[in-house]
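I have placed the structure first, in the form of structure tokens, so that the comments after it can refer back to it.
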Amino acid sequence: MRISVIGTGYLGATHAACMAELGFEVLGLDIDQAKIDALTRGELPFHEPGLPELLTKHVDSGRLRFTTSYEEVGTWADVHFIGVGTPQKPGESAADLRFVDAAVASLAEHITRDALIVGKSTVPVGTAERLGTLLADARAHAGLPGTVELAWNPEFLREGYAVRDTLTPDRLVVGVESAHAENVLRQVYAKSLAEGTPWIATDFATAELVKVAANAFLATKISFINAFSEITEIAGGDIGTLADAIGHDPRIGRKFLNAGVGFGGGCLPKDIRALQARVSELGLDRTMRFLAEMDDINLRRRDRVVDLAVQVLSHSLNGSIRTTGVGDGSGTVPSPAAVEVLNGAKIAILGVTFKPHSDDVRDSPALDVANRLFTAGAEVAVYDPKGNANAARRFPRLGYVNTLQKAVIGADLMILLTEWDEFRQMDPEDIGRLMDRRTLIDARNVLDPAPWRAAGFTHAALGHRFAPEKSV
Ligand code: UDX
């Protein structure tokens, strides 16, 4: 079976390399010539553990090739996976479907044999049905040989674990309209099926909804614990212990209850917004309204880090705690109190990617916080093991350094915003010696406060009342 993959971003490039690993001949297509040239040389344009090795292996063996030609994929492949982006429309909540639409239309005009088109991109419910009609019309009009069918097979891969999640998924969900389509997909995923991976064959609408329901649930879990952070920050209590305690209940589970600066990335934020937009279109304005609250809770965490920075710095400079109050999450304009304290402060920013093991800074809470501090007049020294280049493209004016040590030298405050292993393993004495003031904010709750306090640090963390008297 010959497989094409349309779109060679995080999803498409991973899927193409993994399909080659499963033994198929694969042709990846992208309209971006530079991306195709890089992939053809075996170079991955983004960071994803394990993927460069797979790419080189299969490019070298000739099993994995890349092209910009729809004509080539249309005459060659039996199955065409679509892995193009469905970003948030600028200034709106809805998803921008123009790349998916264009991919289906281009395939319809170029396929010259029996084939199955399989959508993997995350789309609003109703999209596959609409594309099915578009496909049938375009095929009738094109008058080309071959019967072409559509299926939907949502992708659940996590960045940082993309290869593992593709080769050994938790479950496989396929939206199909015929036994033939299901059979073709069973052949594609024969290895996973033989290993006992749950197989859910269903209709288009369910397949589309499974993906957004999963992401909405995960986002809700994170915001749920972060809402309790807002409580423990005022009332006292330990957010980590609270998460552990409720997580022992198997109905709740401990995963995705890590309190911190919140969720970001290319999926969760835009997917919960697109879902709200879609259900409003369906006339269900109230149904997903709680997701707007989840979004707000998530964005307020960024305000909280800025506020904590003001509190910690004002305490460290003159013993009094200034506070800016927790905003509404929308604030990119710093308050006068924030500017007064932050202006000229030297702040080490540890991490700018939306999570570790990725170089992705899309909708990254860490990068947003770094930029807010900079906008308020702070001198930020940003260090991320993988994300500096992407962050610098987004916010070129921030100060970027290429080691952890350079970030903390002379700093008045250090803020851990992405929980890379390098930061978890920091030695308080080594770091303290380099800083001007021994102060730190743990915005991911991954550092044990005891050794840091023992080394003379003022330690603050999200989900904890700021209590400097406990420090030193
Ligand atoms: C997510 C889904 O997990 C995946 O199934 C889907 O296919 C794509 O979207 P991804 O965007 O790679 O994957 O990241 P994920 O690991 O889900 O983390 C999302 C964000 O939530 C990150 O910013 C992470 O730091 C944050 N997070 C996660 C928390 O703040 N707390 C947690 O407990 C877990």
Looking at [Y], is its backbone amide N or carbonyl O close enough to the side chain of [X] to form a donor-acceptor pair, meaning the two atoms are under 3.5 Å apart?
X: D442; Y: N445; answer: yes
X: R444; Y: L417; answer: yes
X: T232; Y: G463; answer: yes
X: S4; Y: H80; answer: no
X: E92; Y: Q88; answer: no
X: N388; Y: D384; answer: yes

[X] and [Y]: side chain donor to acceptor below 3.5 Å:
X: T168; Y: E195; value: no
X: T67; Y: E72; value: yes
X: D307; Y: Q311; value: yes
X: D37; Y: Q33; value: yes

Do [X] and [Y] come within less than 4.5 Å of each other through their side chains, counting heavy atoms only?
X: E159; Y: R362; answer: yes
X: F66; Y: D30; answer: no
X: V125; Y: V212; answer: no
X: V123; Y: W152; answer: yes
X: L440; Y: L416; answer: no
X: T147; Y: E149; answer: no
X: T122; Y: C267; answer: no
X: Q276; Y: S93; answer: no

If you compare all heavy atoms of [X] against all heavy atoms of [Y], which two are closest, and at what distance to 0.1 Å?
X: N215; Y: I272; value: O-CG2, 4.4 Å
X: S280; Y: D285; value: OG-OD1, 3.2 Å
X: I415; Y: V305; value: CG2-CG1, 4.0 Å
X: L367; Y: A391; value: CD1-CB, 3.8 Å
X: D170; Y: P198; value: O-CD, 3.2 Å
X: S358; Y: T353; value: O-CG2, 3.1 Å

Rounded distance (nearest 0.5 Å) linking atom [atom1] of [X] with atom [atom2] of [Y]:
X: I349; Y: T418; atom1: CD1; atom2: OG1; result: 9.5 Å
X: I297; Y: R304; atom1: CD1; atom2: CZ; result: 15.0 Å
X: I111; Y: S106; atom1: CD1; atom2: OG; result: 10.5 Å
X: N226; Y: L257; atom1: CG; atom2: CG; result: 9.5 Å
X: R394; Y: D368; atom1: CZ; atom2: CG; result: 8.5 Å
X: L308; Y: I441; atom1: CG; atom2: CD1; result: 5.0 Å

Look at [X] together with [Y] and state whether they make a salt bridge at an N to O cut-off of under 4.0 Å.
X: E208; Y: R278; result: no
X: E21; Y: K57; result: yes
X: R393; Y: D359; result: no
X: D360; Y: K355; result: no
X: D363; Y: K270; result: no
X: R301; Y: E233; result: yes
X: R186; Y: E182; result: yes

Does [atom1] in [X] sit with more than 12 non-hydrogen atoms of other residues, nucleotides or ligands closer than 6.0 Å?
X: L193; atom1: CG; value: yes
X: E422; atom1: CD; value: yes
X: R254; atom1: CZ; value: yes

Quiz item: With under 30° as parallel and over 60° as perpendicular, where do the rings of W420 and H47 fit, or are they tilted in between?
Solution: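 Tilted: the ring planes of W420 and H47 meet at 30° to 60°.
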Quiz item: Once the angle between the rings of Y161 and H357 is folded into 0 to 90°, is it parallel (under 30°), tilted (30 to 60°) or perpendicular (over 60°)?
Solution: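 Because their plane-to-plane angle is over 60°, the rings of Y161 and H357 count as perpendicular.
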Quiz item: Looking at N153, I200, L209, T206, which hits side-chain contact (heavy atoms from CB on, under 4.5 Å) with V173?
Solution: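 Among N153, I200, L209, T206, the one meeting side-chain contact (heavy atoms from CB on, under 4.5 Å) with V173 is I200.
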Quiz item: Which is it for D238 and H464 under the side-chain contact (heavy atoms from CB on, under 4.5 Å) test, yes or no, and what are the steps along the way?
Solution: CA-CA 6 Å; D238 185 295; H464 299 265; 3.3 Å; yes
Self-check item: Residue pairs passing the ring-ring contact (aromatic ring centres under 6.0 Å, His included) test where at least one lies in residues 12-39, sequence neighbours excluded
Solution: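 Every ring-ring contact (aromatic ring centres under 6.0 Å, His included) pair that includes a residue of residues 12-39, provided the two are not neighbours, is H15-F81.
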Quiz item: Please walk me through it: do L27 and R2 pass side-chain contact (heavy atoms from CB on, under 4.5 Å)?
Solution: CA-CA 8 Å; L27 191 50; R2 290 165 164 186; over 6 Å; no
Quiz prompt | Residue pair R164, R158: steps toward the side-chain contact (heavy atoms from CB on, under 4.5 Å) verdict | solution = CA-CA 9 Å; R164 192 212 289 175; R158 296 161 297 168; 3.8 Å; yes
Quiz item: Where do Y189 and W199 land on the side-chain contact (heavy atoms from CB on, under 4.5 Å) test, with the steps shown first?
Solution: CA-CA 10 Å; Y189 294 117; W199 175 259; 4.0 Å; yes
Quiz item: Who pairs with E155 by side chain to side chain donor-acceptor pair (under 3.5 Å), at least two apart in sequence or on another chain?
Solution: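 E155 satisfies side chain to side chain donor-acceptor pair (under 3.5 Å) with K120 only.
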